[in-house]
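Have a look at the structure below before the remarks.
Here, residue 1 is the first one in the sequence, and each next residue gets the next number.
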Amino acid sequence: MDPLTRATLRAALDGAGLELASLEPVRPGGAVWRAVGPAGAWSVRWVPRREAAALAATAEWLDRLARAGVPAPRPWRARRSSSHLLPVADGVVLVTEWRRGTTVLELGWDEARAEALGALLARTHALDAGPPPAGARRYDGAWAEGAWTRLAIERSLTGTTPGERTTVRVGLQYAASVVERAWHGGPGGPIAMVHADAHAGNVLEIARASDRVELAWIDVDRAGLAPVGLDLALALLEHEDATGWAVVRGYRRWAAWGEGLEATRAPFGVLAMADNLAFLAAFEHERPFVERAWPTLVAACAALAAAARS
């Protein structure tokens with residue numbers, strides 16, 4: 001595989017018609033870059049060829065969001081090209097506008113921002129512009145059944161008991177069955193393209209008035225098809241009661257919050273928690289947090305299993 005170097009990437013972008021003054025890596029490994037030129041600033045994301053279909057689906061989704069007026073990074077397309085993707089170094093790149101604003105991670109959640117997040121989620125879920133993009137990542141039953149494997153509990157946590165591990169495994173298996181039913185018309189749907197990573201670092205505050213906040217999506221690396229209830233559970237993961245209810249209020253202004261979403265909130269919440277801990281467990285500095293959060297996951301899975309039996 002050809003290495004992705006600054007020179008290789010810049011030559012490809014120049015050849016496609018994107019005039020640049022600077023090109024700098026944003027993340028280690030050269031997967032995300034910030035490009036600046038006369039036309040503005042751009043985010044440039046490279047993925048290997050095996051991930052090209054999912055990235056193409058994300059680009060199509062972003063284009064639909066832009067045409068619907070939902071604040072998200074607008075994808076750039078090279079002149080005389082029918083694709084948003086550009087082949088580079090045995091992979092492809094997607095160029096999107098670099099949105100201006102301040103992340104909520106820097107500002108902190110308050111009820112106004114949380115309500116704006118709910119509205120942004122609802123507008124995103126309600127997008128109706130034809131069939132779902134082909135090749136999109138799928139948060140389905142198979143993905144949910146892999147939650148235990150991704151968590152890799154035997155390797156990432158110490159001091160856990162066999163009973164605790166059994167409780168979590170059973171809870172995750174039940175939650176996976178709820179996800180699978182949602183894909184076949186059960187509670188928790190409909191199925192839609194979702195952000196799937198709506199935490200404070202991935203939303204920008206782009207406007208604020210005395211009575212209104214507007215947020216925009218950034219970092220859409222995990223976008224894919226899922227029951228909308230799962231996206232809400234992932235988004236609510238970092239919220240306490242006050243801002244959590246504000247998210248729900250904002251959502252209800254744009255879309256229905258029916259019994260199906262409420263009924264799946266607990267199992268989808270368990271999956272959201274496990275997925276988050278699996279991601280964090282890969283980082284040594286996050287291991288203490290993962291171990292502190294483990295009892296919360298055990299308790300949530302125990303409550304879920306008890307509710308399923310009743």
> What distance separates Leu62 CG from His84 NE2, expressed to the nearest 0.5 Å?
Replying inline: 8.5 Å
> Donor-acceptor pair, His195 side chain versus Asp219 backbone, under 3.5 Å?
Replying inline: yes
>> Within the structure provided, determine whether Trp46 and Thr8 are in side-chain contact (heavy-atom separation under 4.5 Å).
In response: no
> So do Glu115 and Arg253 actually touch side chain to side chain, heavy atoms under 4.5 Å?
Replying inline: yes
>> Connecting only ILVMFWY residues whose side-chain heavy atoms lie within less than 4.5 Å of each other, what is the rest of Ile218's hydrophobic cluster?
In response: Leu204, Ile206
>> Can you list, by chain and residue number, the hydrophobic cluster partners of Val32 when the side-chain cut-off is 4.5 Å?
In response: Val26, Trp98
>> Once side chain to side chain donor-acceptor pair (under 3.5 Å) is applied, what residue pairs with a partner in residues 13-26 remain, sequence neighbours excluded?
In response: Arg6-Glu24
> Under the salt bridge (charged side-chain N to carboxylate O under 4.0 Å, His left out) rule, what pairs show up with a residue in residues 188-197, not counting sequence neighbours?
Replying inline: Asp197-Arg222
> Minimum heavy-atom separation for Val247 to Leu117, with atom names?
Replying inline: CG2-CD2, 4.3 Å
> Applying side chain to side chain donor-acceptor pair (under 3.5 Å), which residue pairs with at least one partner in residues 226-238 are found, sequence neighbours left out?
Replying inline: Trp109-Glu238, His125-Asp231
> Where is the tightest heavy-atom contact between Pro227 and Gly188, given as atom of each residue plus distance?
Replying inline: CB-O, 3.3 Å
>> When you measure from the side chain of Trp42 to the backbone of Pro75, do you find a donor-acceptor pair of N or O atoms at a distance under 3.5 Å?
In response: no
> Do you reckon Phe268 sits in the same ILVMFWY cluster as Leu237, going by side-chain contacts under 4.5 Å, direct or chained?
Replying inline: yes
>> Looking at Arg113 and Leu215, would you say the former's side chain and the latter's main chain have a donor-acceptor pair under 3.5 Å?
In response: no
>> If you define the side chain from C-beta out and look only at heavy atoms, does anything of Asn202 sit under 4.5 Å from His199?
In response: yes
> Ignoring hydrogens and geometry, is there a side-chain-to-backbone donor-acceptor pair from Arg45 to Val220 under 3.5 Å?
Replying inline: no
> Do the non-hydrogen side-chain atoms of Pro190 and Val228 ever get within less than 4.5 Å of each other?
Replying inline: yes
> If Ile, Leu, Val, Met, Phe, Trp and Tyr residues are connected whenever their side-chain heavy atoms lie under 4.5 Å apart, and connections chain through other members, are Leu13 and Val36 in the same group?
Replying inline: no
> Is there a path of hydrophobic side-chain contacts, each under 4.5 Å between heavy atoms of I, L, V, M, F, W or Y residues, that connects Val194 with Val270?
Replying inline: no
>> Between Arg252 and Arg249, is there a side-chain heavy-atom distance shorter than 4.5 Å?
In response: no
> Between the side chain of Glu286 and the main-chain N/O of Leu280, is any donor-acceptor distance below 3.5 Å?
Replying inline: no
>> How close do Arg99 and Trp217 get, counting heavy atoms only, and between which atoms?
In response: CG-O, 4.3 Å
>> Using modelled atom types and a 3.5 Å cut-off, is there a donor and acceptor pairing between side-chain atoms of Glu214 and backbone atoms of Ala207?
In response: no
> With a 4.5 Å heavy-atom cut-off, do Tyr139 and Leu234 have their side chains touching?
Replying inline: no
>> Tell me whether Arg123 contacts the main-chain N or O of Gly69 through its side chain, where contact means a donor paired with an acceptor under 3.5 Å.
In response: yes
>> Quick one, Leu151 and Leu297 - any side-chain contact, counting heavy atoms below 4.5 Å?
In response: yes
>> Minimum heavy-atom separation for Val92 and Ala52, please, with both atom names.
In response: CG2-CB, 3.8 Å
>> Applying side-chain contact (heavy atoms from CB on, under 4.5 Å), can you list everything that pairs with Ala136, at least two apart in sequence or on another chain?
In response: Ala57, Met193, Leu225
>> Check for me, please, whether Leu121 and Val248 land in the same ILVMFWY cluster - side-chain distances under 4.5 Å, paths through other members count.
In response: yes
>> Does atom CZ (Arg77) have a neighbourhood of more than 12 heavy atoms from anything else shown, all under 6.0 Å?
In response: yes
>> Side chains of Trp294 and Leu277, heavy atoms from C-beta outward: is any pair under 4.5 Å?
In response: no
> Closest heavy-atom contact between Gly171 and Leu304?
Replying inline: O-CD2, 3.5 Å
>> If you compare all heavy atoms of Leu236 against all heavy atoms of Gly244, which two are closest, and at what distance to 0.1 Å?
In response: CD2-O, 3.7 Å
> Any chain of hydrophobic side-chain contacts (each under 4.5 Å) joining Leu107 to Val213?
Replying inline: no
